[in-house]
Amino acid sequence: MSGTVLVLGGRSEIGLAVAQRLAGDHRRFVLAARPGADLTAATTTLREAGAETVDTAEFDADDLAAHGPFLEKVAAEHGPLDVVVLAFGILGDQARAEEDATHATAIVHTDYVAQVGVLTHAANLLRAQGHGSLVVFSSVAGVRVRRANYVYGSAKAGLDGFASGLADALPGSGVHLLLVRPGFVIGRMTEGMSPAPFSSTPDQVADATVAALRKRRGVVWVPGVLRPVFFGMRLLPRALWRRLPR
């Protein structure tokens with residue numbers, strides 16, 4: 001394919017793993033990360049995976065006003081965007097968020113509000129092109145929000161709903177949206193935390209994501225067993241649900 005792959009969150013383990021797997025299909029990549037981020041290792045990894053061109057760009061997800069101009073600049077400088085991967089986000093500190101409203105709203109701003117802004121601009125840009133794919137990382141944490149991480153979970157619930165609605169608005173536009181719902185991912189973001197049941201690694205999430213993207217699926221759960229598990233969990237009485245650990 002001739003289009004460019006744009007990874008928003010170029011230091012993300014999952015985002016980079018997805019890009020590595022797309023390097024066999026695409027020649028050009030742009031890794032975008034917050035100002036000051038070191039993308040040297042990520043760039044080397046992509047080139048070793050077969051990418052012909054890997055450029056980097058500074059991207060502040062929380063700067064909503066900059067989203068549109070940033071995407072337009074990338075498209076103008078690097079050609080049509082074939083895949084836009086939204087791989088940025090923060091886990092935050094649940095205990096702190098329960099006491100600190102500023103921290104709670106910062107989590108929601110990055111994990112929901114900023115994602116909505118980027119998705120709206122990116123969808124409009126791809127519609128104008130007449131083609132392209134959006135990859136959005138939700139979480140099972142948003143399928144039914146738990147007491148143990150309700151701030152992060154609520155942001156993912158909002159993102160999941162927004163992305164699902166956007167996907168329903170895209171048929172006929174040439175634009176495809178893939179919504180990824182991973183469970184607990186063992187990686188840098190969750191370092192020091194005890195893995196939850198049905199955990200996965202960034203590589204496993206990336207494998208499932210790219211396989212689903214190539215098949216133009218709408219939703220993928222990682223691992224797949226989580227889909228029936230959470231169907232059952234939705235039926236749990238609230239008194240039992242609130243006692244569940246993360």
Side-chain angles (χ1 to χ4, degrees), residues 8-15 33-37 59-67 86-120 135-166 179-202 204-205 219 221-223 225-227 229-246:
L8 299 173
R11 290 189 68 253
S12 159
E13 291 173 289
I14 294 176
R34 66 186 61 179
F59 171 70
D60 181 355
D62 290 319
D63 186 358
L64 303 183
H67 291 174
L86 276 70
F88 65 88
I90 59 174
L91 185 60
D93 183 320
Q94 172 67 30
R96 177 185 170 192
E98 292 183 26
E99 302 291 336
D100 182 351
T102 299
H103 184 57
T105 53
I107 296 169
V108 174
H109 190 275
T110 300
D111 291 345
Y112 176 61
V113 177
Q115 306 260 352
V116 168
V118 171
L119 278 171
T120 300
V135 179
V136 182
F137 288 98
S138 178
S139 169
V140 297
V143 175
R144 185 176 181 183
V145 178
R146 301 190 210 185
R147 186 265 175 269
N149 63 350
Y150 67 78
V151 178
Y152 173 81
S154 69
K156 288 298 186 179
L159 175 60
D160 197 284
F162 181 85
S164 297
L166 175 58
L179 181 60
V180 187
R181 292 182 181 138
F184 186 98
V185 180
I186 302 169
R188 190 168 54 236
M189 182 181 283
T190 57
E191 187 174 356
M193 299 172 64
S194 299
F198 308 114
S199 296
S200 57
T201 65
Q204 290 171 323
V205 175
V219 179
W221 298 68
V222 189
V225 69
L226 287 175
R227 183 173 185 173
V229 166
F230 269 80
F231 178 83
M233 284 187 171
R234 283 171 170 158
L235 304 178
L236 277 180
R238 192 167 186 179
L240 293 177
W241 178 257
R242 70 166 60 100
R243 296 176 187 174
L244 290 179
R246 184 195 68 256

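Throughout, residue positions are numbered sequentially from 1 according to the sequence presented.
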- [ ] Mind listing the closest non-hydrogen atom pair of F137 and L86 along with its distance?
- [x] CD1-O, 3.3 Å
- [ ] For residues F59 and H67, determine if any side-chain heavy atom of one lies less than 4.5 Å from a side-chain heavy atom of the other.
- [x] yes
TODO: Look at the side chain of H103 and the backbone N and O of G92, then say whether any donor-acceptor pair between them is shorter than 3.5 Å.
DONE: no
Task: Minimum heavy-atom distance between S12 and A87, given as atom pair plus value - done: CB-O, 3.3 Å
Open item on the list: Any heavy-atom pair between the side chains of V136 and F162 that's under 4.5 Å?
Closed with: no
Task: For S139 against K156, the heavy-atom pair lying closest together - done: CB-CG, 3.9 Å
Task: Beyond-backbone contact of Y150 with Q94, side-chain heavy atoms, under 4.5 angstrom - done: yes
- [ ] Indicate the atoms forming the closest heavy-atom contact of D160 with S138, along with that distance.
- [x] OD2-OG, 2.8 Å
Task: 4.5 Å side-chain heavy-atom contact, L119 and L159 - done: yes
Open item on the list: Are W221 and V143 packed together at the side-chain level, in the sense that at least one heavy-atom pair is separated by less than 4.5 angstrom?
Closed with: yes
TODO: Write down the atom of V151, the atom of A104, and the distance for their closest heavy-atom approach.
DONE: CG1-O, 3.7 Å
Open item on the list: Donor-acceptor pair, distance only, cut-off 3.5 Å: does the side chain of Q204 make one with the backbone of P223?
Closed with: no
Task: Under 3.5 Å: donor-acceptor pair, side chain of N149, backbone of Y152 - done: no
TODO: Identify the two heavy atoms, one from G89 and one from T110, that lie closest to each other, and give their separation to 0.1 Å.
DONE: CA-CG2, 4.1 Å
Open item on the list: I'd like to know if the side chain of D62 pairs up with that of H109 as donor and acceptor (distance under 3.5 Å, no hydrogens or angles considered).
Closed with: yes
Task: From I107 atom CD1 to L91 atom CG, the distance as rounded to the nearest 0.5 Å - done: 7.5 Å
